[in-house]
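One structure below.
In this text, all values refer to a predicted model and were calculated from it rather than measured experimentally. To find a chain, count down the sequence lines: A is the first, B the second, and so on, and within it residues start at 1.
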Amino acid sequence: AQSVTQPDIHITVSEGASLELRCNYSYGATPYLFWYVQSPGQGLQLLLKYFSGDTLVQGIKGFEAEFKRSQSSFNLRKPSVHWSDAAEYFCAVAPGSGNTGKLIFGQGTTLQVKP
Amino acid sequence: DTEVTQTPKHLVMGMTNKKSLKCEQHMGHRAMYWYKQKAKKPPELMFVYSYEKLSINESVPSRFSPECPNSSLLNLHLHALQPEDSALYLCASSQSRAGPFTGELFFGEGSRLTVL
């Protein structure tokens with residue numbers, strides 16, 4: 001069965017420090033991969049996506065993610081965190097083929113930013 | 001600014017009430033979704049409409065009744081809910097009318113439902 005694992009439930013970083021949020025997936029083929037962010041009381045916003053091609057993808061708000069097939073990972077990174085980045089981050093996968101209309105989310109990582 | 005609009009933003013209802021949540025998108029997307037989200041949890045898929053037809057129902061109780069009047073609108077009718085149904089209900093849409101499903105969803109800000 002397809003699954004997404006975000007090993008870190010909660011991460012705290014200082015403002016200006018670098019950030020890496022981990023995501024591992026389980027799927028037979030290469031799925032479509034996504035990172036979404038959710039600020040408190042808000043809907044989800046797409047940060048970036050990977051479908052194929054270059055394994056390093058750039059997103060909005062200065063985020064990037066790297067797809068590593070050998071590790072079944074799609075980790076999110078940011079070189080310098082801002083206080084406004086404090087939010088819930090969800091990694092998600094969709095099958096790379098087929099048309100089920102389903103998106104599988106990880107359990108999320110809560111990012112806290114210290115001044 | 002979100003291009004998926006949900007109303008109302010907050011709703012409080014009793015267990016015997018009938019209410020509806022509404023969602024609207026004007027991006028020409030072919031698929032629309034209802035998700036339920038509890039605090040500190042990921043969204044859980046409830047329903048998917050594709051080309052205005054119900055394509056996925058994730059075994060949702062019948063007290064939740066979806067409706068897609070046209071390609072831009074999605075409703076969720078609520079009746080005889082339980083307190084455990086209190087949650088954030090998110091609407092989303094995806095993909096233009098051409099092309100396969102890619103999983104990229106555009107979410108509304110949600111409707112916060114409290115069932116007393």
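The candidate with the highest count of non-hydrogen atom pairs below 4.5 Å against chain A, out of B:G110, B:P43, B:A92, B:A39, is B:P43. For the set B:E58, B:K9, B:Q6, the count of heavy-atom pairs under 4.5 angstrom toward chain A peaks at B:E58.
Only the side chain of A:T110 comes within contact range of chain B, with heavy atoms under 4.5 Å apart. Of the atoms belonging to A:L46, it is side-chain heavy atoms, and not backbone ones, that fall under 4.5 Å from chain B. There is no contact between A:Q45 and chain B, counting heavy-atom distances below 4.5 Å.
In this structure, B:K41 places its NZ atom where only 12 or fewer heavy-atom neighbours from other residues, nucleotides or ligands lie under 6.0 Å away.
Of all residues spanning residues 47-69 of chain A, those with a heavy atom less than 4.5 Å away from chain B's heavy atoms are A:K49, A:F51, arranged by number. Scanning residues 5-15 of chain A against chain B with a 4.5 Å non-hydrogen threshold yields no residues.
Within the model, atoms NZ of B:K40 and CD of A:E88 stand 5.5 Å from one another, a figure rounded to the nearest 0.5 Å. Atom OH of B:Y35 sits about 5.0 Å away from atom CG of A:L103, to the nearest 0.5 Å. Atoms CD and CZ, from A:Q42 and B:F107 in turn, are 13.5 Å apart once rounded to the nearest 0.5 Å.
Annotation for A:F90 and B:P42: closest pair CE2-CA, 3.4 Å, computed over non-hydrogen atoms. Considering every non-hydrogen atom in both B:R112 and A:G41, the closest pair reads NH2-CA, 4.3 Å.
A single hydrophobic cluster is seen to contain both A:V4 and A:V37, as judged by linkage of ILVMFWY side chains at heavy-atom distances under 4.5 Å, directly or through other members. Hydrophobic clustering (side-chain heavy atoms under 4.5 Å, transitive across Ile, Leu, Val, Met, Phe, Trp, Tyr) groups B:V60 together with B:M32. Hydrophobic clustering (side-chain heavy atoms under 4.5 Å, transitive across Ile, Leu, Val, Met, Phe, Trp, Tyr) keeps A:L44 apart from B:L113. Side-chain heavy atoms closer than 4.5 Å link hydrophobic residues (I, L, V, M, F, W, Y) into clusters, and following such links, even through other members, never connects B:I56 to B:W34. Cluster membership check: B:L45 does not share its hydrophobic cluster with B:Y49, using side-chain heavy-atom separations under 4.5 Å among Ile, Leu, Val, Met, Phe, Trp and Tyr.
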Applying side-chain contact (heavy atoms from CB on, under 4.5 Å), run through A:F34 and B:E104 and close with a yes or a no. CA-CA 8 Å; A:F34 306 85; B:E104 181 176 357; 4.0 Å; yes

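A:Y36 places a side-chain N or O within donor-acceptor distance of the main-chain N or O of B:L105, the cut-off being under 3.5 Å.
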